[in-house]
Peer 1: 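The following block contains the structure, expressed as structure tokens.
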Amino acid sequence: MPELLANLNPEQHAAVTLPNEPALILAGAGSGKTRVLITRIAWLIQHGLASPATVLAVTFTNKAAREMMGRLSALLPIDTRGMWIGTFHGLCNRMLRAHHRDAGLPATFQILDTADQLSAIKRLMKGLNVDDEKYPPKNLQYFINNAKEQGLRPQHVDATDSFNLKFVELYQAYEQQCQREGVVDFPELLLRCYELLAHNPPLRAHYQARFKHILVDEFQDTNKLQYAWLKLLAGESNAIFAVGDDDQSIYAFRGANVGNMRDFEHEFKVRHLIKLEQNYRSHGHILDAANQLIANNSRRLGKNLRTDAGHGEPVRVYEAATDSQEAGWIVEEIKALISTGLARGEVAVLYRSNAQSRTIEHTLVNAGIAYRVYGGLRFFERQEVKHALAYLRLIDNPNDDTAFARVVNFPARGIGARSLEQLADSARLYNCSMAAAIPYVTGKAGSSLGSFANLIAKMRAETQQMSLPETVEYVVRASGLAEFYQGEREGQDRLENLQELVNAATAFLSEEGYGLDTPARSIPLRPGATSAPEIAALPDDAASVVLDPAGIAGPAQNPDTMTPLAGFLSHASLEAGDNQAQAGQDAVQLMTVHAAKGLEFTAVFITGLEEGLFPHENSALEQDGLEEERRLMYVAITRAKERLYLSFAQSRLLHGQTRYNIRSRFFDELPQETLKWLTPKVEAGARWGGRSDNAGWGRDWFARPDRQAGGYAGGAAVEQAPLPAFANTQRAAETGFKIGQAVFHTKFGEGTVTALEGSGADARAQVKFKRHGEKWLALAVAKLQAVE
DNA sequence: GCTAAACGGGTTTTT
DNA sequence: CCCGTTTAGC
């Protein structure tokens, strides 16, 4: 249909309508990459070149997968459920569920998230009496995950020194532990799925015959294992349509291998490398800045963004004396932007590391500007939610020792460390799970453990016919979790989250196409089917299972292959949910540069542009480290549509110490004619000998009164230390609050006033919140209620 | 078995 | 400085 291709530029058009052969689309920032990917799928289907069942599209995040799914169904009248669209992990999970026997996994295998994995490793090391000072569990975790991402099992790892030999030995033990418990960690999902396809030719042939069209988003972020998995699926004849941008590769630290782009180009003999260089996001000066900066990198595939928009405004640069003054300036500038009618949500403040958000948040709170910080705890990572999930996991898979250890004594049941050590010993002796070892423990410990075993058994029996939400609700109650948090002073939020978990279960059923009344632990009988398509029930020797080509379809957590409970538990591990920051409200966006990738804002502040911070000092230690920092800066710059601000501070409080940094080298790599210095530009050589760690020099400079006072008064004023106590008492009447007063805030909950400052419209209160720590609130803005 | 103090570590992060 | 985790002590 012509309308599908309408408004595509020639390069986009060419990419969308490529013949079915390996293609690499080098898509610059803001060049319509996602649109091309989605239109490509729609075009293939519309022209009868592909049926939905032959399409596999893979992304890195659930958010990206959801967006793709959503935009695709808006574009096409067909049901997108026939397609496999999801994350690498989601798709691998789905395949492993369908073929769990061939993969050597129990039907109810559970997924360990990063935190679960670490606790499993700690437990393993404790059991083996390994010195965790000499072999830090975190390092072992990294070692294991890294090996898996290279496709290496313990026997393949090349280790010579005693240290690495120990790690290999522990890796092996860890694998055995996981296998016995029926759990897989994140990289295992991929490796297991890779091996499943690699070692099972009929199965591989089946999927190769099915997925004629494989599309990959953010290809520059793939690691070696993901690339190998894609190659396996593609086989000899299927086309991979890879979209990516080597200049936006910012995840090397977690295994991403930009080299996959070059390898792909060569190994698949890509004839069509299409560059999308037309940018639809940023004004000219901003793009010029991005282009010139990134030109400093070597080994690029080569790309230069262009725009039809005019030059637009210059890039504004601000030098602050201190980090708090920098924050003060940012907030003043944001106020000005808002007063021109710009929505708060169109303003982003970016920083290199999370620690930098504190000062900015503090200043925003004082100014009464709504903001949202990205990052932090997410829904399924909360302790109460994880506890409830652990009970659910135990019902489904009693061998899951990670879940067992988590809740065996929570709420407290008088089962202490001593009893658990005894139990772990028995489990090791009989080579079984902790739950299975309970009968071997005698005495008082044995009896309390016995009643825990009975509790789980009872839960399992009682929930046999319950739907998923009923099961969750039942477990929250029967476990004692509800009662426990009811009795806790600060348990209200946690209780609400547990209720939210029940809601999440209901939402899950409808989103994933499960019947609402399906028992949580049975594979639903599809309409018209004569028997449940329980692939789990295939004969043991079903090593050569070949599925109907129309085969397994449906959403990520597939009702045909997963019980609602298994699906929900996978969902909880694979998609940790939103972080707590209140969404929806119009608020200034605060995030790291990494978190900003893929987003765009009318106005962007890139802050803390100092040597050591951005580029980060540790980047100097790594091969290609500085280039990755530069790509990160490139990503940051290209987030801005119309206004870009760059700022740095002469001194900054970090880890309790004042550091004196020189401005980032990136300033020298930008086209000077696009920059507008709001503070006088001081040539580096005029001020600094060279290195930044010359504290004495910095202090002298900082102490110069003409500098310290300069710029915005607001910055200094909001950050000054609270007035002495006597002054606060004097002013107390004017604010309507007293120190020590109990208060309630709609967002932060209960707290106590610890200090007061100012009066009238400027009145501020410092409140120590039970759940959110100490904050300064502008009383004119914050909805603070007195509690008697 | 639970609470308080000492301790350690702090770049970026999704699954 | 600030946090989460471990350990010491009741």
Side-chain angles (χ1 to χ4, degrees), chain A residues 58-65 86-93 111-119 122 126 132-133 136-138 142 145 148-149 184-191 193 218 221-223 225-226 249-256 323 350-359 362 374-378 380-381 383 409-420 448 556 570-577 579 591-598 608 612-622 625 628-629 631-633 635-636 652-659 773-774:
Chain A
V58 60
T59 63
F60 277 87
T61 65
N62 293 294
K63 193 175 155 215
T87 62
F88 281 98
H89 294 83
L91 297 177
C92 286
N93 177 46
I111 300 165
L112 301 183
D113 67 19
T114 309
D116 293 334
Q117 184 191 30
L118 187 60
S119 63
K122 284 181 180 167
K126 199 164 236 171
D132 61 2
E133 304 240 308
K138 279 222 168 84
Y142 174 81
N145 291 348
K148 289 186 181 186
E149 278 164 12
V184 298
D185 55 44
F186 286 140
E188 183 72 22
L189 278 171
L190 299 183
L191 183 53
C193 188
E218 305 278 16
D221 289 338
T222 50
N223 64 31
L225 180 55
Q226 288 159 338
S249 164
I250 55 172
Y251 287 112
F253 71 91
R254 66 175 196 210
D323 52 344
L350 309 184
Y351 33 82
R352 177 64 179 82
S353 70
N354 288 302
Q356 289 166 253
S357 77
R358 186 177 305 277
T359 316
H362 182 108
Y374 282 72
L377 253 204
R378 306 192 308 174
F380 287 109
E381 293 168 352
Q383 63 143 301
N409 196 38
F410 194 94
R413 313 188 160 83
I415 300 169
R418 185 176 74 258
S419 317
L420 288 178
S448 4
S570 295
H571 170 81
S573 301
L574 293 177
E575 185 165 4
N579 53 36
M591 65 192 84
T592 63
V593 179
H594 283 91
K597 186 165 162 230
L613 243 193
F614 198 3
H616 196 276
E617 53 203 348
N618 291 2
S619 71
L621 310 171
E622 288 150 37
E628 178 137 325
E629 294 292 303
R631 291 192 289 270
L632 200 50
M633 182 64 184
V635 167
R652 179 176 299 276
L653 201 61
L654 197 69
H655 302 326
Q657 279 188 317
T658 306
R659 303 186 15 156
E774 270 189 340

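Each chain gets a letter, A, B and so on, in the order the sequences are listed, and its residues count up from 1. As the structure is a prediction and not an experimental result, all values here were calculated from the model.
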Peer 1: If you only use heavy atoms from C-beta on, which nucleotide in C:dC3, B:dT11, B:dT15 is closest to the side chain of A:R358?
Peer 2: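 Of all the options, the side chain of A:R358 is nearest to C:dC3.
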Peer 1: If you check the A:R254 side chain, which of B:dT13, C:dT5, B:dT15 turns out closest?
Peer 2: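 When the side chain of A:R254 is considered, B:dT13 is the closest of B:dT13, C:dT5, B:dT15.
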Peer 1: Among B:dC2, B:dT11, B:dT13, which nucleotide has an atom closest to any side-chain atom of A:N409?
Peer 2: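 Given the options B:dC2, B:dT11, B:dT13, the side chain of A:N409 is closest to B:dC2.
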Peer 1: With the stacking rule set at 5.5 Å and 30°, tell me whether A:F253 counts as stacking on B:dT12.
Peer 2: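 Stacking is present between B:dT12 and A:F253, given that their ring centres fall under 5.5 Å apart and the planes under 30°.
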Peer 1: Is A:Y251 touching bases, backbone alone, or none of the nucleic acid, heavy atoms closer than 4.0 Å?
Peer 2: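 Sugar-phosphate contact only - A:Y251 comes under 4.0 Å of backbone atoms but never of a base.
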Peer 1: Could you check which of B:dT11, B:dT15, C:dT5 has an atom nearest any side-chain atom of A:E622?
Peer 2: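 Selected nucleotide (nearest to the side chain): B:dT11.
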Peer 1: Under 4.0 Å between any heavy atoms, over every strand shown, what does A:E133 touch: base, sugar-phosphate, or nothing? Just pick one.
Peer 2: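 Nothing, no nucleic acid heavy atom in range.
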Peer 1: Regarding A:A412, tell me which of base, sugar-phosphate or nothing describes its non-hydrogen contacts under 4.0 Å with the strands shown.
Peer 2: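 Sugar-phosphate, backbone atoms only, no base.
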Peer 1: Whole Å only: how far is the OH atom of A:Y142 from the C1' atom of B:dT13?
Peer 2: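 So the two atoms are 13 Å apart, to the nearest Å.
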Peer 1: To the nearest Å, give me how far apart CZ (A:F88) and P (B:dT13) are.
Peer 2: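 From A:F88 CZ to B:dT13 P: 20 Å.
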Peer 1: Whole Å only: how far is the NZ atom of A:K126 from the C1' atom of C:dT6?
Peer 2: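 So the NZ-C1' distance, A:K126 to C:dT6, works out to 10 Å.
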Peer 1: Any side-chain N or O of A:T87 below 4.0 angstrom from OP1/OP2 of B:dT14?
Peer 2: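 Negative; the distance criterion is not met.
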Peer 1: May I ask you to say what A:N62 touches in the nucleic acid, namely base, sugar-phosphate or nothing, with a heavy-atom cut-off under 4.0 Å?
Peer 2: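 Sugar-phosphate contact only - A:N62 comes under 4.0 Å of backbone atoms but never of a base.
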Peer 1: Assign A:T114 to base, sugar-phosphate, or nothing according to its heavy-atom contacts below 4.0 angstrom with the strands shown.
Peer 2: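 Contact class for A:T114: base.
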Peer 1: From CG of A:L574 over to C1' of B:dT14, roughly how many Å is that when rounded to an integer?
Peer 2: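 These atoms are roughly 11 Å apart.
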Peer 1: As a test of reading the structure: which of B:dT15, B:dG10, C:dT5 is closest to the side chain of A:H655, going by heavy atoms?
Peer 2: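 Of the options given, the side chain of A:H655 lies nearest B:dG10.
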Peer 1: For the pair A:D185 and A:K148, find out whether any cationic side-chain nitrogen is under 4.0 Å from an anionic carboxylate oxygen.
Peer 2: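 Salt bridge: yes.
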Peer 1: Answer yes or no: does a side-chain N or O of A:R659 lie under 4.0 Å from OP1 or OP2 of C:dC1?
Peer 2: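 A:R659 to C:dC1 OP1/OP2: no side-chain N or O under 4.0 Å.
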Peer 1: Could you tell me the separation between the CD atom of A:E628 and the P atom of B:dT12, rounded to a whole number of Å?
Peer 2: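 Nearest whole value for this atom pair: 14 Å.
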Peer 1: When you check the phosphate oxygens OP1 and OP2 of B:dG9, does a side-chain N or O of A:K138 lie under 4.0 Å from one of them?
Peer 2: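 For B:dG9, neither OP1 nor OP2 has a side-chain N or O of A:K138 closer than 4.0 Å.
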Peer 1: Determine: side-chain N/O of A:R413 to OP1/OP2 of B:dG1, distance under 4.0 Å, yes or no.
Peer 2: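 No, no such contact exists.
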Peer 1: Nearest whole angstrom, please: distance from the P of C:dT5 to the CG of A:D132.
Peer 2: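 So the two atoms are 14 Å apart, to the nearest Å.
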Peer 1: CG of A:L118 versus P of B:dT14: gap in Å, rounded?
Peer 2: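 Distance, rounded to whole Å: 18 Å.
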Peer 1: Go through the steps to decide whether A:Q117 and A:N145 satisfy the test side-chain hydrogen bond (donor to acceptor under 3.5 Å, both in side chains), and finish with yes or no.
Peer 2: CA-CA 10 Å; A:Q117 184 191 30; A:N145 291 348; 2.7 Å; yes
Peer 1: So, are A:R659 and A:E617 salt-bridged, with charged N and O less than 4.0 Å apart?
Peer 2: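 Judged by the 4.0 Å cut-off on N to carboxylate O distance, A:R659 and A:E617 do form a salt bridge.
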Peer 1: Let me spell it out: for each of A:H89 and A:R352, pick the nucleotide of DNA chain B with the closest heavy atom. Which residue's pick is nearer the 5' end?
Peer 2: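 Whichever sits nearer the 5' end wins; that is A:R352.
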Peer 1: Taking all atoms of both residues into account, what is the closest heavy-atom pair of A:S249 and A:R631, and its distance?
Peer 2: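 For A:S249 and A:R631, the tightest heavy-atom pair comes out as O-NE, 2.6 Å.
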Peer 1: Ignoring backbone atoms, test whether A:N354 places a side-chain nitrogen or oxygen under 4.0 Å from the OP1 or OP2 oxygen of B:dT13.
Peer 2: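 Yes.
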Peer 1: Are the side chain of A:R352 and the backbone of A:F614 linked by a donor-acceptor contact shorter than 3.5 Å?
Peer 2: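 Looks like no, no N/O pair under 3.5 Å.
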Peer 1: Does the ring of A:H594 meet both stacking tests against the six-membered base ring of B:dT12: centre distance under 5.5 Å and plane angle under 30°?
Peer 2: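 Not stacked: fails the 5.5 Å / 30° test.
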Peer 1: I want to confirm an ordering. Mapping A:I415 and A:S573 to their closest nucleotides on DNA chain B, which one lands closer to the 5' end?
Peer 2: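 Nearest-nucleotide comparison on DNA chain B picks A:I415.
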Peer 1: If C:dC1 has a Watson-Crick or G-U wobble mate with both distances under 3.5 Å, name it; if not, just say none.
Peer 2: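 Pairing partner: B:dG10.
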Peer 1: Between A:H594 and A:Y351, is the ring centroid distance below 6.0 Å?
Peer 2: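 Ring-ring flag for A:H594/A:Y351: false, centres at least 6.0 Å apart.
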Peer 1: Return the value, rounded to whole Å, for the distance between atom CD of A:E617 and atom C1' of B:dG10.
Peer 2: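 Rounded to the whole Å, the gap is 11 Å.
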Peer 1: Give a yes or no on whether a salt bridge exists between A:R378 and A:D113, defined as a side-chain N under 4.0 angstrom from a carboxylate O.
Peer 2: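 Salt bridge between A:R378 and A:D113, a charged N being under 4.0 Å from a carboxylate O: no.
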